[in-house]
Amino acid sequence: MDTVKQHLIKQLPNITANTEITEAIAELKKYQLLGVPVLGNNRELIGFISEHELLKPMLNNSYFCDGAIKVKDLMRTDVIAIDANMSIADVAERMLQAQPKNYPVVESNKVIGLINRSQVLSALAASYLRCQTAS
């Protein structure tokens, strides 16, 4: 079975705790992602920010014109990361439970990418097709 490292999204924006939220939104749109890991100085995982966390403050601030908000004010810190060598099947099992649908992927305590439902489903479909042609 394939590993996460073979299917992860490698190109991610560099979102830090001090990134301003409109910049984070622009980066999510640019990379066509629903959420991204928040990185420390050495690419270590310190949090996760998604469209969900950004929606309410954008609604409030676009109406009330409050001050600038940083990612650190909104990010989740209870992030579940997965190892780059974990099997795709194991990640799929986690996704079937009440776990997140986006996972930062770490190797040697550094974020090396992101894997989400779409990548896992594509990997499983490829494996399924290989089984079908081998029969």
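Side-chain contact between L12 and P37: present, with at least one pair of heavy atoms (C-beta onward) separated by less than 4.5 Å. The side-chain heavy atoms of L33 and I9, taken from C-beta on, include a pair separated by under 4.5 Å. Here the side chains of P104 and L45 are in contact, with some heavy-atom distance below 4.5 Å. Counting heavy atoms from C-beta outward, T22 and M58 have side chains that approach closer than 4.5 Å.
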* To do: Show your reasoning for whether side chain to side chain contact (heavy atoms under 4.5 Å, CB included) applies to I25 and E51.
  => CA-CA 8 Å; I25 292 167; E51 289 180 337; over 6 Å; no
* **Residues V36, I49; criterion side chain to side chain contact (heavy atoms under 4.5 Å, CB included); working and verdict** => CA-CA 6 Å; V36 292; I49 191 79; 3.9 Å; yes
* To do: Determine, step by step, whether R76 and E53 satisfy the salt bridge (Lys or Arg N to Asp or Glu O under 4.0 Å) criterion, reporting the C-alpha distance in whole Å, the side-chain angles of both residues, the deciding distance to 0.1 Å, and the verdict.
  => CA-CA 8 Å; R76 292 192 317 264; E53 286 89 26; 2.5 Å; yes
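Of all non-hydrogen atoms in E27 and P13, the two that sit nearest each other are OE1-CB, 3.2 Å. A pairwise comparison of heavy atoms in M75 and I46 identifies CE-O, 3.7 Å as the closest pair. Considering every non-hydrogen atom in both G113 and L8, the closest pair reads CA-CD1, 4.0 Å. In terms of heavy atoms, A17 sits closest to V38 at N-CG1, 3.5 Å. Between E107 and A84 the shortest heavy-atom distance is OE2-CB, 4.0 Å. In terms of heavy atoms, L28 sits closest to S50 at CD1-C, 4.4 Å.
Side-chain N or O atoms of E44 include one that pairs as donor or acceptor with a backbone N or O of N42 at under 3.5 Å. At least one donor-acceptor pair under 3.5 Å links the side chain of Q6 to the backbone N or O of T3. The main-chain N or O of L129 is found under 3.5 Å from a side-chain atom of T133 such that the two form a donor-acceptor pair. S127 places no side-chain N or O within donor-acceptor distance of the main-chain N or O of A123, the cut-off being under 3.5 Å. Not a single donor-acceptor pair under 3.5 Å links the side chain of K101 to the backbone N or O of N116.
Within a 6.0 Å radius of NZ in K110, more than 12 heavy atoms belonging to other residues, nucleotides or ligands are found. Within a 6.0 Å radius of NZ in K70, other residues, nucleotides and ligands contribute more than 12 heavy atoms. Taking a 6.0 Å sphere around CG of N109, one finds it holds 12 or fewer heavy atoms contributed by other residues, nucleotides or ligands.
Between the CG atom in D78 and the CD1 atom in I80 there is a gap of 7.5 Å [rounded to 0.5 Å].
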